[in-house]
Structure formats: structure tokens, C-alpha cells
Amino acid sequence: MSRSSRDTPVGGAGRDALYQRFYALIDCIPRGRVATYGQIAREAGRPRHARHVGYALRALPPGSKLPWYRVINSRGEISARPSEGYPLQRERLLAEGIVLDRRGRVDLERFGWVPDL
DNA sequence: AATGTGACCGCGA
DNA sequence: TTCGCGGCCACAT
């Protein structure tokens, strides 16, 4: 491993490869659990690049099989805009047994995804 | 090239 | 707990 320890190369392909990595990670989120944008970015070896996770998801085609709805922000809230996928996302989460409190927030302590290696 | 925006995050007040 | 700010970086104009 003669690689610099401060970061993980994306592989040379750049942005596209990074997005693919985000997608792969999101695809691993089990049913009934949620992950945060920051968490996905971190798992992908790009801490503090949470915004790009949202970017990648925004670029996702409608009808994608990816469980994008299991990705929420660090406060446990749905970040998608009401005019975008908010209603659908809320519905999907509820359908999996995830509880949203009165303010529409998910208890990350309880439903947060803990990736096991 | 420069500027503004964004499905975000974390910290300090 | 909420609110404000700076940081991050790709993308649209």
C-alpha cells in the first residue's frame, strides 16, 4: 500500500467513478434503514463532500432502482425539495417501517445504517 | 474566467 | 433546540 494515507484516489476516472461509488454504497443500505449524505461521502472516501452525494442523487434518473429515498440529511430530515421527491420519499420510508416524528424527522440512533464490514 | 447555486455538514452562540 | 456561517466542489449561466 504505497499510497498516500490522506486520501483515496478516485481511480483516475474522476467524477463519474465517484458517483458510481456513491451509488454502490447507497445500494447497500438495507431495507428499513437510512444513511446520511455525509455518511455516504465518508464511506466513499470523500469526507466533507456530502453535497456531491446530493448532486449525484439529483442526477439520478426517475424510476431508478437505487434506494435513494434512504438517504437523508444529518438532522434526520428529508432534504429533497417538496416539488421533487419529498412526498414519494416520505411514503417510501414509512412503507419500510421507518418512523417519522411530528416534524418529519427520523431517529438516526434507531434507523441509521451501521455498515458492517 | 467569474459568480451564484445547491436533495449538505459541523461548529459556535 | 434553533439559527447563522464558513467550508466543500461540480455545474449552470
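By convention in this document, chain letters (A, B, ...) are assigned in the order of the sequence lines, proteins followed by strands, and residues within each chain are numbered from 1. Model, not experiment: these values are computed from the prediction.
- Taking side-chain N and O atoms only, A:R48 has no distance below 4.0 Å to OP1 or OP2 of C:dG7.
- Atoms OH (A:Y37) and P (B:dG10) sit 14 Å apart, rounded to a whole Å.
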Show your reasoning for whether side-chain contact (heavy atoms from CB on, under 4.5 Å) applies to A:V34 and A:L108.
CA-CA 8 Å; A:V34 297; A:L108 294 177; 3.9 Å; yes

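- Between the A:R92 side chain and the A:P87 main chain, no donor and acceptor come within less than 3.5 Å of each other.
- The two atoms that bring A:I98 and A:L94 nearest to each other are O-CD2, 3.5 Å, heavy atoms only.
- Within residues 56-74 of chain A, the residues that place at least one heavy atom under 4.0 Å from DNA chain B are, in residue-number order, A:L57, A:R58, A:W68, A:N73, A:S74.
- Atom pair A:I40:CD1 and B:dC9:P shows a separation of 11 Å (rounding to whole Å applied).
- As a whole-Å value, the separation of A:I26 CD1 from B:dC8 P is 13 Å.
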Between the protein and nucleotides 9-13 of chain C, are there any N/O to N/O pairs under 3.5 Å, and if so, what are the atom names and distances?
unit_1	atom_1	unit_2	atom_2	d
C:dC9	OP1	A:H49	NE2	3.4
C:dC9	O4'	A:H52	NE2	3.0
C:dC9	O2	A:H52	NE2	3.3
C:dA10	N3	A:Y55	OH	3.4
C:dC11	OP1	A:R15	NE	2.2
C:dC11	OP1	A:R15	NH2	3.4
C:dC11	O4'	A:Y55	OH	3.1

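- For the atom pair CZ (A:R110) and CZ (A:R33), the distance works out to 9.5 Å, reported to the nearest 0.5 Å.
- Put simply, CZ on A:R75 is 14 Å from C1' on B:dA7, counting in whole angstrom units.
- Taking atom CG of residue A:D107 and atom P of nucleotide C:dT1, one finds them 11 Å apart after rounding to whole Å.
- Nearest-nucleotide positions on DNA chain B place A:G54 closer to the 5' end than the other of A:R42 and A:G54.
- Among all heavy-atom pairs drawn from A:W113 and A:A35, the shortest one is CE3-CB, 4.0 Å.
- Between A:A41 and A:F22, the shortest heavy-atom contact is CA-CE2, 4.0 Å.
- Separation of atoms CD (A:Q20) and CG (A:L25) is listed at 12.0 Å; rounding is to 0.5 Å.
- Spacing between atom CG of A:L18 and atom P of C:dC8 amounts to 17 Å, rounded to whole angstrom units.
- Side-chain contact check for A:I26 versus A:I40: some heavy-atom pair is nearer than 4.5 Å.
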Donor-acceptor contacts under 3.5 Å from residues 62-75 of chain A side chains, at least two apart:
unit_1	atom_1	unit_2	atom_2	d
A:S64	OG	A:L66	N	3.1
A:Y69	OH	A:E96	OE2	3.2
A:R70	NE	A:E96	OE1	3.1
A:R70	NE	A:E96	OE2	3.3
A:R70	NH1	A:I29	O	2.7
A:R70	NH2	A:E96	OE2	2.6
A:N73	OD1	A:R75	N	2.9
A:N73	OD1	A:G76	N	3.2
A:N73	OD1	A:E77	N	3.0
A:N73	ND2	A:E77	O	3.4
A:N73	ND2	A:S79	OG	2.9

